[in-house]
Number of protein chains: 2
Amino acid sequence: MTEKQILKSSLKLFNERGYHDVGMREIARELNLSPGNVTYYFKKKDDILFTLLQEYSDQNTTFYEKYHTESASIAGFLGLMKNIFYSQYQYRGVYIGNYIVQKEFQSTDSINYKSTSERRKQTFQKMFTDLRAEGHINANDDDIDFLVSFITLFGRFWISEATIFDKSPDVTQAIKHYIRLLVKELSLFATERGKLSIEQFKKEEFG
Amino acid sequence: MTEKQILKSSLKLFNERGYHDVGMREIARELNLSPGNVTYYFKKKDDILFTLLQEYSDQNTTFYEKYHTESASIAGFLGLMKNIFYSQYQYRGVYIGNYIVQKEFQSTDSINYKSTSERRKQTFQKMFTDLRAEGHINANDDDIDFLVSFITLFGRFWISEATIFDKSPDVTQAIKHYIRLLVKELSLFATERGKLSIEQFKKEEFG
DNA sequence: GTCTATACAAGGATAGAC
DNA sequence: GTCTATCCTTGTATAGAC
């Protein structure tokens with residue numbers, strides 16, 4: 001299906017050279033289409049972007065849903081974050097452009113990014129509260145607010161740092177690095193039970 | 001001087017509406033100049049950007065230098081970060097665009113952003129080591145690496161989060177919020193002496 | 001419904017007159 | 001040092017072939 005191919009090629013090109021440096025004509029050329037034909041499927045270049053961001057968002061939603069079927073644990077939480085991180089890497093070409101997300105953020109006819117991001121924040125709030133209830137972390141409400149702020153900023157921008165400051169990052173290594181930072185932060189609040197969960201995750205993940 | 005005025009107007013417009021949505025013709029109109037005259041001072045639009053980033057970088061360098069004349073303390077460190085944060089806000093129009101910094105990062109004939117950012121990382125490393133030596137924080141080498149990674153990412157992207165997700169942020173409030181997060185992170189490693197320094201900073205800062 | 005060809009507007013960049 | 005005129009690229013819209 002042509003539409004799917006356009007999305008696939010676009011993402012590939014965006015990842016390679018960034019959203020702004022890839023033109024509609026180039027996307028068309030990649031698929032041996034006429035430029036106008038790309039426009040037939042996506043009236044505006046931004047529409048390609050929004051669709052890709054929607055794909056990304058949907059993919060993550062399934063990760064969150066999967067997490068919520070298990071009982072809360074730090075190991076489970078770290079596994080979730082790892083999945084999300086890979087997803088972000090996959091869509092880095094559209095994800096790291098703040099200017100773009102800003103536009104998308106302000107567009108009314110598209111996904112409501114603000115409410116999505118607000119919802120994610122509440123999701124994290126609940127996750128940490130659950131981790132506390134399960135005896136995995138030792139944190140008061142203020143600590144949890146801090147952790148939410150931390151994970152929100154960290155989870156949104158690690159990929160920007162990795163992509164901007166490291167031209168051809170080894171994905172696996174990069175993600176390991178950032179997951180380690182996450183582990184470190186969580187271990188500052190972990191109970192004995194939480195620490196065990198972390199050790200379990202580390203053993204599976206880092207060997 | 002025309003060149004200074006171009007820089008000033010450009011930054012104002014970039015801050016208001018973002019780099020991409022401001023055209024050369026518009027910058028010219030703002031100053032009642034012809035578009036070609038702007039080009040006389042800055043051959044490319046990117047050159048305006050690079051010059052502004054250089055200004056920003058220079059301004060920060062003076063903050064760092066000032067900090068190093070005092071003996072290390074958490075309060076002093078937080079004061080430094082506050083200065084930097086205001087500076088970042090001032091230049092947010094050029095600073096938050098990752099795509100731009102990426103280009104700048106890769107350009108060879110301009111400021112060497114990579115070495116600058118590498119140097120800043122080493123600077124933070126030294127700062128935390130000094131804080132440990134002064135008995136303000138209790139941290140092993142691994143902890144310090146973590147703190148450096150934290151401050152690097154956090155200090156680079158808080159402004160993106162603030163600007164993207166909050167259309168017209170109250171600067172003072174926003175900066176207070178992010179400084180509080182910093183305080184929280186540092187207090188996890190603070191010694192008794194460090195905690196006193198933090199209290200002192202809080203009293204001066206938050207009243 | 002799919003696709004090609006083409007035209008148009010906006011913005012960055014350049015050359016040359018004054 | 002300043003300005004006008006012009007070019008080129010890129011996003012976007014449309015008319016029409018199959």
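Labels below follow one simple rule: chain letters A, B, ... track the order of the sequence lines, proteins then strands, and each chain is numbered from 1.
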Next on the checklist: Please encode protein proximity along nucleotides 3-18 of chain D as a string of B, S and -, counting only heavy-atom distances under 4.0 Å.
Outcome noted: BB-----BBBS-----
Checklist entry - Any side-chain donor-acceptor pair under 3.5 Å between A:Glu30 and A:Ser9? => result no
Checklist entry - Which class fits the ring pair B:Phe154 and B:Phe150: parallel under 30°, tilted 30 to 60°, perpendicular over 60°? => result parallel
Checklist entry - What is the distance from CD of A:Glu3 to P of C:dT2, rounded to the nearest Å? => result 9 Å
Checklist entry - A:Asp21 has an atom CG; how far is it from atom P of C:dG11, in whole Å? => result 18 Å
Item to check | Nearest-Å distance for atom pair CD1/P, residues B:Ile48 and C:dG12 | outcome: 9 Å
Checklist entry - Can you list the steps and then say if B:Asp46 with B:Tyr19 is a side-chain hydrogen bond (donor to acceptor under 3.5 Å, both in side chains)? => result CA-CA 10 Å; B:Asp46 280 359; B:Tyr19 181 72; 2.7 Å; yes
Next on the checklist: Parallel, tilted or perpendicular: which one describes the rings of A:Phe124 and A:Tyr64, with boundaries at 30° and 60°?
Outcome noted: perpendicular
Next on the checklist: According to side-chain contact (heavy atoms from CB on, under 4.5 Å), who are the partners of A:Asn37, at least two apart in sequence or on a separate chain?
Outcome noted: A:Leu33, A:Ser34, A:Tyr40, A:Tyr41
